[in-house]
Amino acid sequence: MSQIKAVRGTRDLLPPETELWNHIEATARRVFARYAFGEIRTPIFEDTQLFARGVGEETDIVSKEMYTWEDRARAQSEKAQMLTLRPENTAGVVRAYIEHKLGDTGLLQKLYYIGPQFRRERPQKGRYRQFFQIGAEVIGPTSAGSESPLRDAEILEMLGTLLGELGITGWMLELNSVGSAADRPRYVQALREALVDVAATLCADCQRRAVTNPLRVLDCKVPEDQGKINELPKIADFLDEDSRAHFAMVCAALDACDVPYTINPRLVRGLDYYTRTTFEFTHGGLGAQNALLGGGRYDGLSEAIGGPKAPGIGFAMGADRLVLTLQAQAAEGGANNAAILVDVYIAPLGGAQQAQSLVLARELRRAGLRVELGDGTFRLKKSFEMGNKLARKIVLFGEEEAASGIVTIKDFETGEQTKVPRGELADFLSTKHSRFPVARE
RNA sequence: GCGGCUAUAGUUCAGAGGCAGAACGCCGGUCUGUGGCACCGGAUGUCGUGGGUUCGACCCCCACUAGCCGCCCCA
């Protein structure tokens, strides 16, 4: 019988890597809290129509990457419902915003989420069929200031701070404005017209894109094409007065708080709902999947899925890619990737000490220490070898210690050995250990 | 969805038609009150899966699966 394995594009996350995942998620939660975001958890599957109308029928995500199935009807009279594993989370958040009438509070909604998303793409480094996103959305009625460029700048400033606290260095922020819902079609039309003359001289991919999805031509990476692509009409020239002023204000606010960015007039994104500000944080060393996170403003999304006017802006970061980046940085710094170290290893020397050693372990654990317990071997050497693999310190608990009530403790790193009365052990050991030093705070 | 490369021990990898290997790790011993070191010994395994060619296949051929790199797309 053949072995059952994790399906293509999915994987198991194991310790100690999961510790890094938890650290990333905890850091994100901490930063989000400081910016007044609350957590939202939406279902992992939704009505297929949500994504078709929200993300856009023509996008690659919807047209060929979704896990969609027909849920069976409960009664003959009922139609079977088409369901889809969420390929992204913004549509779900906006659906929840509409469904729970969050706009009626009159307040700006600042919501973050952490969870798995699903897209049926060919797996690659940093690209999985089940992948994890950490994202946030700022959405609300116009009266709550949801349309303000300050929201955009605040989000971008927060992301710079978050990446900093995660210890990710060397990121680049690329910024663009794709204009209002009215600006974009005008631009696409102009682009299409301009491409009629040039397309034939471009690479094969571009010739295809010129017809199917002209915006994608701007993404071309073929060196020979770059000159000609730079000659094409620029979206910036098609922005209306409001969009132009909006974008200028975003940039001014970023300048004021020293968030570095480059304006990339060729930054286009694959989801139809984006309007005005769009952005991407990229990182070298991620290979072809170089985007750490991406996002933008979506002023018309709520209406597109049947809700009230509710401008918003949000982003999603690829947690898998944050992990990859941090692992790569750790490898550069020559960090070890050993097993998780507990604070202390208790070595009961001999079977007679076993019961009391569990009592001692319980005392220390209740004091908040991470404790691993040996198996009662007489062999001191064995105890030390095992302890050295698992813990920072070892506590010897043999006949002597049981009789005197004074245990022997040795620090593996310094080699320092001390005798401590059993009752004072927890205090003695209570020094802070952090495997992930945080840059600030 | 397309193209290329890869798949052998827990891990990293050698092995190019004739007994399945190394290093690290693991287990045991020297060693029942002091680890990291040393020395001695041991076990690693359906050679990704399924077919085929051959007296004989880890090796050659075909298919499949998975991973990596690139394209595409995106986080």
Side-chain angles (χ1 to χ4, degrees), chain A residues 1-11 14 55 59-65 87-90 115-135 203-206 208-209 212-213 215-216 219-222 267-271 278-283 286-295 314-325 337-339 345 347-353 376-401 407-417:
Chain A
M1 196 163 66
S2 66
Q3 201 185 346
I4 297 173
K5 295 192 280 195
V7 308
R8 186 166 161 84
T10 71
R11 64 213 175 108
L14 308 171
V55 178
T59 61
D60 279 24
I61 292 176
V62 172
S63 65
K64 51 190 191 202
E65 296 174 2
E88 57 96 58
N89 218 330
T90 300
Q117 318 291 335
F118 306 85
R119 292 181 201 171
R120 199 182 181 292
E121 298 181 89
R122 181 141 173 182
Q124 212 174 109
K125 183 182 182 185
R127 188 168 81 185
Y128 307 98
R129 290 182 171 188
Q130 172 174 323
F131 59 104
F132 294 83
Q133 287 190 332
I134 300 172
C203 69
D205 280 334
C206 283
R208 179 178 48 76
R209 294 184 189 116
T212 58
N213 193 350
L215 285 174
R216 284 272 145 228
D219 259 354
C220 178
K221 288 163 195 106
V222 177
L267 177 69
V268 290
R269 299 187 45 77
L271 291 77
T278 59
F279 56 87
E280 230 167 71
F281 282 68
T282 59
H283 197 281
L286 274 174
Q289 319 304 324
N290 69 347
L292 276 176
L293 67 96
F315 66 87
M317 40 206 309
D320 308 80
R321 294 181 187 178
L322 296 178
V323 169
L324 278 174
T325 303
N337 53 346
Y345 180 83
L349 301 179
Q353 266 56 249
T377 178
F378 268 111
R379 293 280 302 281
L380 200 56
K381 180 187 162 76
K382 285 285 156 225
S383 297
F384 269 81
E385 284 175 351
M386 193 57 76
N388 192 38
K389 282 176 200 166
L390 301 175
R392 296 164 196 281
K393 296 187 175 71
I394 186 169
V395 166
L396 299 182
F397 193 68
E399 266 179 57
E400 285 175 24
E401 287 80 4
V407 298
T408 306
I409 175 163
K410 185 164 184 177
D411 188 307
F412 284 117
E413 207 173 333
T414 64
E416 194 181 335
Q417 184 163 316

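Atoms considered below: every heavy atom in the structure, side chains included; atoms not considered: hydrogens, waters and symmetry mates. Chain identifiers are assigned alphabetically (A, B, ...) following the order of the sequence lines, protein sequences preceding nucleic acid strands; residue numbering begins at 1 within each chain.
- Side chain of A/Arg8 to main chain of A/Pro123: no donor-acceptor pair is present (N/O by atom type, distance under 3.5 Å, no hydrogens or angles).
- Residue-level contact check: A/Gly126 touches the bases, meaning some heavy atom is under 4.0 Å from a base atom.
- Every residue two or more places apart in sequence or in another chain was checked for a side-chain hydrogen bond (donor to acceptor under 3.5 Å, both in side chains) with A/Gln417, and none qualifies.
- Among the protein residues, A/Gly9 comes within range of the sugar-phosphate backbone only, with heavy atoms under 4.0 Å from sugar or phosphate atoms but none that close to a base.
- Of all nucleotides present, none satisfies the Watson-Crick or G-U wobble test against B/C37 with each distance under 3.5 Å.
- In terms of heavy-atom proximity, A/Gln133 sits nearest to A/Glu88 at OE1-CA, 4.2 Å.
- For A/Arg379, whose side chain is taken as the heavy atoms from C-beta onward, the closest listed nucleotide among B/C74, B/G1, B/U30 is B/U30.
- Going from the C1' atom of B/G17 to that of B/C24 covers 31 Å, rounded to whole Å.
- Following rounding to the nearest Å, A/Asn290 (CG) and B/C69 (P) show an atom-to-atom distance of 13 Å.
- Distance CG (A/Leu14) to C1' (B/G10): 13 Å, rounded to an integer number of Å.
- The nearest whole Å value for the distance from the CZ atom in A/Phe118 to the P atom in B/A75 is 16 Å.
- Atom P of nucleotide B/A75 and atom CG of A/Leu292 are separated by 12 Å, given to the nearest angstrom.
- Of all nucleotides present, none satisfies the Watson-Crick or G-U wobble test against B/U53 with each distance under 3.5 Å.
- Atom CD of A/Glu399 has 12 or fewer heavy atoms from other residues, nucleotides or ligands within 6.0 Å.
- At a cut-off of 3.5 angstrom, the base of B/C72 holds at least one donor-acceptor pair with the side chain of A/Arg127.
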query: What is the per-nucleotide protein-contact pattern of nucleotides 33-40 of chain B, from the 5' end, where B denotes a base atom under 4.0 Å from a protein heavy atom, S denotes such proximity for sugar-phosphate atoms only, and - denotes neither?
result: BBBBB---
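- Spacing of P atoms, B/C40 relative to B/C47, comes out at 31 Å, to the nearest Å.
- Comparing B/A9 with B/A43, their C1' atoms sit 10 Å apart, to the nearest whole Å.
- As rounded to whole Å, 21 Å separates atom P of B/C74 from atom CD1 of A/Ile134.
- Phosphate contact (OP1/OP2 of B/G70, side-chain N/O of A/Gln124, threshold under 4.0 Å): present.
- Base pairing of B/A23 is made with B/U11, judged by Watson-Crick or G-U wobble geometry with both donor-acceptor distances under 3.5 Å.
- Scanning for ring pair (Phe, Tyr, Trp, His ring centres under 6.0 Å) contacts around A/Phe132 gives A/Trp21, with sequence neighbours left out.
- In this view, A/Glu280 and A/Arg269 satisfy the side-chain hydrogen bond (donor to acceptor under 3.5 Å, both in side chains) rule, not counting sequence neighbours.
- Put simply, CD on A/Gln353 is 13 Å from C1' on B/U32, counting in whole angstrom units.
- Looking at residues two or more places apart in sequence or on another chain, you find a ring pair (Phe, Tyr, Trp, His ring centres under 6.0 Å) between A/Phe281 and A/Trp171.
- Nucleotide B/A43 has no partner under the Watson-Crick or G-U criteria, as no pair reaches both atom distances under 3.5 Å.
- For A/Glu401 (side chain) and A/Gly398 (main-chain N/O), a donor-acceptor pair under 3.5 Å exists by modelled atom type.
- The separation of B/U12 from B/G25, taken at their C1' atoms, amounts to 11 Å, rounded to a whole angstrom.
- Across all strands shown, B/U32 forms no Watson-Crick or G-U wobble pair with both distances under 3.5 Å.
- Across every strand in view, B/G3 sits in a pair with B/C69 that passes the Watson-Crick or G-U test at under 3.5 angstrom.
- Counting any heavy atom pair closer than 4.0 Å across all strands shown, A/Phe281 reaches no nucleic acid atom.
- Residue A/Arg120 is classed as a sugar-phosphate contact, given heavy-atom separations below 4.0 Å to backbone atoms only.
- Nucleotides B/U49 and B/C59, compared at atom P, are 11 Å apart to the nearest Å.
- Within 4.0 Å (heavy atoms only), A/Gly294 reaches sugar-phosphate atoms of the nucleic acid but no base atom.
- Computed from coordinates, the A/Phe279 CZ to B/A75 P distance equals 10 Å when rounded to whole Å.
- A gap of 36 Å separates the P atoms of B/C74 and B/C62, to the nearest Å.
- At least one donor-acceptor pair closer than 3.5 Å links the side chain of A/Ser63 to the backbone N or O of A/Thr59.
- Looking only at distances, no side-chain donor or acceptor of A/Arg321 sits under 3.5 Å from a matching main-chain atom of A/Leu292.
- Within the cation-pi definition used here (under 6.0 Å to the ring centroid, within 45° of the axis), A/Arg11 qualifies as a partner of A/Tyr128.
- The CD atom of A/Gln117 sits 15 Å away from the P atom of B/C74 (whole-angstrom rounding).
- Judged by atom type and distance alone, A/Arg321 reaches the base of B/C74 through a side-chain donor-acceptor pair under 3.5 Å.
- Between B/G21 and B/G45, the two P atoms lie 14 Å apart (nearest whole Å).
- Comparing the same atom, P, in B/C27 and in B/C64 gives a spacing of 43 Å after rounding to whole Å.
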Close N or O pairs between protein and nucleotides 41-45 of chain B (under 3.5 Å):
none

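- Checking B/G28, B/C73, B/C71 against the side-chain heavy atoms of A/Glu65 singles out B/C73 as nearest.
- Between the side chain of A/Arg392 and the main chain of A/Phe412, no donor-acceptor pair closer than 3.5 Å is present.
- In this structure, A/Ala6 and A/Phe131 both approach RNA chain B, and ranking their closest nucleotides by distance from the 5' end singles out A/Ala6.
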